[in-house]
Amino acid sequence: MAQNMVNAFRSSQLNKRILFTLLMLVVFRVGAHIPIPGVHASVIQSLFTHGATIFALLNLFSGGATATLSIFALSIIPYINASIIMQLMTVVIPTVEEWSKEGEEGQKKMTKVTRWLALGLGSLQSLGIAYYLYGYAANGEFAYIHHDIGSLLLTAMLLLTGSTILMWVGEEITDKGVGNGISLLVFFGIISRLPYGVEQLYKYIQAGIVSWPKIIIFLIIAVAIIAAVVYVNEGQRKIPVQYPKRVVGRRMYQGQTTHLPIRVNQAGVIPVIFAISLLILPYTIGQFFKGGWVTALERNFGFTSPIYIVAEFLLVVIFTFFYTQVVFKVDDVADNLKKGGGYIPGIRPGRPTAEYLAKVSSRLTLIGALFLGVIAVLPSFVTMGMGVNGMYFGGTSLLIIVGVALDTLKQMQAQMLMKQYQGFMK
């Protein structure tokens, strides 16, 4: 690992990409500390004393920008939602499915539509947050210093502008930097919250709420979970594929044996995000109203309630199976193998190949879904075990951190390998 990092900084082209990525991430962190004017900071902070709400999820992805209501408080959430919707539309809308198969030109069309969809979702979400803050008050004060429509519209406009800037920053990192820009923004947003988490844990220790034996057990579990996430994230089943001899023009190509990798966790972190967003929605909507049913809703959908834990586990498993079918289309894979002359030994091309791949994928997805479900509910059990409210460990954060880190390292290694081949050819 150390040698790879040294080689990375020796490469001038990779050097420029790394420096550009760091510069864009500095822009992200600076913008996260620029607050929207005309807002009471203490009133905004009170929003995060209610537990798991949509604001807590935004604050996690924005690196604390939502808690201060900065210009980047909306984070990159609209673009992520738009990207997920576009992936789901490949199953529903035939035109979008055709774009996904057209290569680079089709990808450009999908990117353009994704941007406009992200702009529309960002407009709705920014107006929704601004309107919610317009009616929110704490300690006898409203969220806006000047409680008028002008402050509401200004807040919505700045939230949308900040999210659009982050969308541009993410795409620039992907194009001119290292790794996937959108993923890196979320990654560094989560990482930036670690010092705050350590500080809170230190306060709990000083206050005697958490003991040192619990901390040691917590760290051991954390290391074991990170190792398990890496192992499952990299786990795959290699399906052997045989290509026979063939003649193209005057050339004869020898037959070869390769493999088709099917990952254990093909859905990534998307099912966990789906499940969390859906479960915290009733709790968040309940804050707009008053009454006995709201109290029952908060009690039953609390972060450590049995209903919340069971529902989150089941939703993650269901969404994992659903999303895997979206991203891994066995019929298309079987058709591509058949067109290329490839076949799985012992399996006939066409429909039998698709059925075999579906069976293998279902078994692997079951393992990945159960693993994701366990990882998703871990924060609730850790919170109960530590006896501390508001601690967030594992789940979405761990999956994003590990996944993005591994993906970025693979891209850096691929670029260094390409540079070595170019030097060999010269």
Side-chain angles (χ1 to χ4, degrees), residues 17 19-36 54-55 57-90 96 99-100 104-130 153-193 268-270 273-274 277 396 400-401 403-404 407-408 411:
R17 285 182 169 271
L19 291 175
F20 180 82
T21 302
L22 293 176
L23 179 61
M24 289 292 99
L25 292 175
V26 168
V27 172
F28 167 53
R29 293 312 304 158
V30 170
H33 290 84
I34 301 177
I36 292 176
I54 192 65
F55 296 103
L57 185 63
L58 285 173
N59 197 49
L60 174 67
F61 289 150
S62 65
T66 308
T68 58
L69 200 66
S70 76
I71 59 173
F72 289 162
L74 194 56
S75 186
I76 203 70
I77 293 296
Y79 190 84
I80 294 175
N81 292 337
S83 300
I84 295 172
I85 291 174
M86 285 301 296
Q87 286 183 321
L88 297 178
M89 288 300 101
T90 58
V96 180
W99 289 350
S100 65
E104 186 176 352
E105 288 300 320
Q107 189 60 41
K108 289 180 179 179
K109 295 177 183 178
M110 292 190 67
T111 301
K112 184 177 180 180
V113 175
T114 302
R115 290 171 181 168
W116 283 107
L117 183 58
L119 191 63
L121 292 175
S123 301
L124 292 175
Q125 292 176 3
S126 58
L127 282 171
I129 292 174
L153 295 177
L154 176 64
T155 300
M157 182 186 69
L158 291 177
L159 287 174
L160 178 61
T161 302
S163 181
T164 306
I165 292 174
L166 285 183
M167 180 173 65
W168 174 82
V169 168
E171 291 185 350
E172 286 294 300
I173 292 176
T174 303
D175 185 37
K176 302 176 183 178
V178 178
N180 183 285
I182 303 300
S183 300
L184 281 174
L185 290 178
V186 178
F187 173 84
F188 275 90
I190 296 173
I191 289 295
S192 65
R193 298 297 294 166
V269 73
I270 300 300
I273 296 177
F274 274 177
S277 302
T396 309
I400 291 176
I401 290 173
V404 175
D407 182 63
T408 304
Q411 290 195 27

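Computed from heavy atoms alone, side chains included, the values below leave out hydrogens, waters and symmetry copies.
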Checklist entry - Considering residues at least two apart in sequence or located in another chain, which fulfil the side chain to side chain contact (heavy atoms under 4.5 Å, CB included) criterion with Leu124? => result none
Item to check | Partner set under side chain to side chain contact (heavy atoms under 4.5 Å, CB included) for Ala118, not counting sequence neighbours | outcome: Tyr79, Ala82, Met167
Checklist entry - When you measure from the side chain of Ser163 to the backbone N and O of Ile76, does any donor-acceptor pair fall under 3.5 Å? => result no
Item to check | Shortest non-hydrogen separation from Ser126 to Leu159 and the atoms involved | outcome: CB-CB, 3.8 Å
Checklist entry - Side chains of Leu121 and Ile85: closer than 4.5 Å at any heavy-atom pair? => result yes
Checklist entry - Is there any salt bridge (charged side-chain N to carboxylate O under 4.0 Å, His left out) pair reaching into residues 25-35, and which pairs are they, with sequence neighbours excluded? => result none
Item to check | Contact list for residues 78-87, test salt bridge (charged side-chain N to carboxylate O under 4.0 Å, His left out), sequence neighbours left out | outcome: none
Next on the checklist: Measuring from atom CD1 of Ile80 to atom CD1 of Ile84, what distance do you get when rounded to the nearest 0.5 angstrom?
Outcome noted: 7.0 Å
Item to check | Heavy-atom closest contact (Leu127 atom, Ala156 atom, distance) | outcome: CD2-CB, 3.7 Å
Checklist entry - To the nearest 0.5 Å, how far apart are CG in Leu69 and CD1 in Ile34? => result 13.0 Å
Checklist entry - Hey, are the side chains of Val96 and Met86 touching, using non-hydrogen atoms and a 4.5 Å cut-off? => result yes
Next on the checklist: Could you measure the distance from the CD1 atom of Ile173 to the CG atom of Leu166? Nearest 0.5 Å is fine.
Outcome noted: 9.5 Å
Checklist entry - Is any side-chain heavy atom of Lys176 closer than 4.5 Å to a side-chain heavy atom of Met24? => result no
Next on the checklist: As an exercise, state the distance from CG of Leu154 to CD1 of Ile36, rounded to the nearest 0.5 Å.
Outcome noted: 7.5 Å
Which pairs of donor and acceptor atoms, one on a side chain in residues 106-113, lie under 3.5 Å apart (sequence neighbours left out)?
from: Thr111; atom 1: OG1; to: Gln107; atom 2: O; distance (Å): 2.8

Item to check | Atom pair OG1 (Thr90) and CH2 (Trp99), whose distance is rounded to the nearest 0.5 Å | outcome: 12.0 Å
Next on the checklist: Minimum heavy-atom separation for Ser123 and Leu160, please, with both atom names.
Outcome noted: OG-CD2, 3.5 Å
Item to check | Heavy-atom side-chain proximity of Val26 to Leu22 below 4.5 angstrom | outcome: no
Exercise answer: donor-acceptor pairs, residues 178-191 side-chain atoms, under 3.5 Å, sequence neighbours excluded:
from: Asn180; atom 1: OD1; to: Ile182; atom 2: N; distance (Å): 3.2
from: Asn180; atom 1: OD1; to: Ser183; atom 2: N; distance (Å): 3.0
from: Asn180; atom 1: OD1; to: Ser183; atom 2: OG; distance (Å): 3.2

